[in-house]
Amino acid sequence: MAAVEPVGSPGGDCGSADVAALIPLVRRIVASRVPDPATADDLVQETLTRVLAAAGRVEPGMLEPYAIVTARNVVTSMWRDQDRQRRHQHRVVDLRPPEAPDEDVLAREDRAAVAEALTRLSDRERATLLAHEVSGQDTRSLAAELGSTAGAVAAQLNRTRARLRVEYLLVSERVEPPTERCRPVLLAISSGDRRRQREVDAARHLLECGLCARLSEPLVGRGRSRDDAVRVAVRTDADVVAARQAAREVATRLGFSTTDVTLIATAVSEITRNIVRFADSGEVVVTELQEPRRGISIVARDAGPGIPDVDQALQDGYSTYHGLGLGLPGARRLMDEFAVVSETGRGTTVTMTKWRGEG
Amino acid sequence: MNGGPRLFSILRQGPYLIASIHTALDDSQLVRFQQDLVERIGSDRARGVVIDVAALDVLDSFASRTLRDIGEMARLRGAVTVIVGIQPDVAFAMVELGMDTGRVVTALDLEEGLAELDSCLAAPPAPRT
């Protein structure tokens, strides 16, 4: 964050003082367009340099509008550069070994898959997408044609791309989704829309549907995952230890006392063991909570046989194997909030929360 | 089952065995620990066992039950078991969980544990635990 030092600027002292007065304005304009503070700072510096250089030529009263336009231009040209770099990146990294014999065939199949996937979009979606991606038409002129706004067109394009990814995967794997729920779930994952994923209960579906679990793998990496959630896949005994250590780490980071951390780890251990014992596989998701208070939320999910009588399973001493029968009731005592939802044949979800005590 | 660093060790100290757990164990590792230990009680003709659980991050229902079972099995094999090193937070969690831990002999640390064994074996008509 170096201060602007207009050394020997042609505008003279008077000009540089005017320019200095514009700094907050320029900062605001750039910051509203560029989220990354370091980049934004660079752009502010560049704008000010340009404005300083031109200060002598611009009429005094016009310096502010000039600075505004310059700031916008600087941001736009950065975007354009980034865009160009992205578009030409493949030329730079194209250092692949000589063509494999099947490469041509694979490429052709790939093209066919994309073409096929494109036909599955609606006409309007396809036309807009092609105009933007292939002809290079920008969202603003598209918006003018469609009688919409640039933002709405961009959002629409994002949804279309998400659909195209899903359709492409389905085509290239030559499969039709086995259930009606598959497509909405894949779509929600592809677009990285967490609210929608919750609405369609995507996590549960992925446990149930092997095809979607496999197809969603390349999609999952796309949506930016929230870094305040830790997900542990549970299959074996060792995962029980991994899950409780993940919970321990999150709880420690949240500032829980060591006693509370151990309580949480013990509860996680109990419910995760139930997954291994009864359902073969499932997952544990540990999430940080900030509202209404700081706390930790743990969701343990499986697609196992389910619990026929949840109330009974929550009784002390009820055990279907040779355990102490403390799993669920014990975990409930250790946490502040505890809920079990189970459906026979579909699986069980245990949700539990512990809030941070005061102080 | 797995290579890598040892997860627990069972050492002989006179007529006693000292079993230390080095890291958080999962369920199958705990079961293996139990089997190894009960076997060693026979092969070493041990009269007493101290189990050091200071390295266990949690003692959940399965771990507690395994320790209780070890105590019971050792008793049937003619040895007294003392568990040492339960961390304060772990103890708190065990009570909150509702564990019934009454029958297991415990001591604060290894030294206390060995002293406990000495006194148990010095007084032969000890109450059957």
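These numbers come from a predicted model, not from an experiment. Residue numbering restarts at 1 for every chain, and letters A, B, ... go by the order of the sequence lines.
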Flag if over 12 foreign heavy atoms under 6.0 Å of CD, A:Glu337: yes
A:Glu199, CD atom: more than 12 neighbouring heavy atoms under 6.0 Å: yes
Contacting region of A:Arg244 [heavy-atom separation from chain B under 4.5 Å]: side chain
Contact class of A:Val240 relative to chain B, heavy atoms under 4.5 angstrom: neither
dist A:Thr236:OG1 -> B:Asp26:CG (nearest 0.5 Å) comes out at 7.0 Å
Side-chain touch A:Arg277/B:Asp27, heavy atoms, less than 4.5 angstrom: yes
Minimum heavy-atom distance A:Arg333-B:Gly98, with the two atoms named: NH2-CA, 3.9 Å
Chain A contact via B:Leu25 - side chain, backbone, both or neither, heavy atoms under 4.5 Å: backbone
Whether the side chain of A:Glu270 engages the backbone of B:Asp60 through a donor-acceptor N/O pair (distance < 3.5 Å, no angle test) should be reported. no
Would a 4.5 Å heavy-atom cut-off, applied to side chains only, mark B:Glu96 and A:Thr266 as touching? no
B:Ala24 and A:Val241: which non-hydrogen atoms are nearest, and at how many Å? CB-CG1, 4.1 Å
Heavy-atom distance under 4.5 Å between the side chains of B:Asp57 and A:Gln245, does that happen here? yes
One should read off an interatomic distance between A:Leu334 CG and B:Phe92 CZ, to the nearest 0.5 angstrom, of 9.5 Å
Using a 6.0 Å cut-off, check whether atom CZ of A:Arg183 has over 12 heavy atoms from anything other than its own residue. yes
With the side chain counted from C-beta on, respond yes when B:Gln87 and A:Thr262 share a heavy-atom pair under 4.5 Å apart, and no when they do not. no
When you check the side-chain N and O atoms of B:Asp89 and A:Thr259, is any donor under 3.5 Å from an acceptor? yes
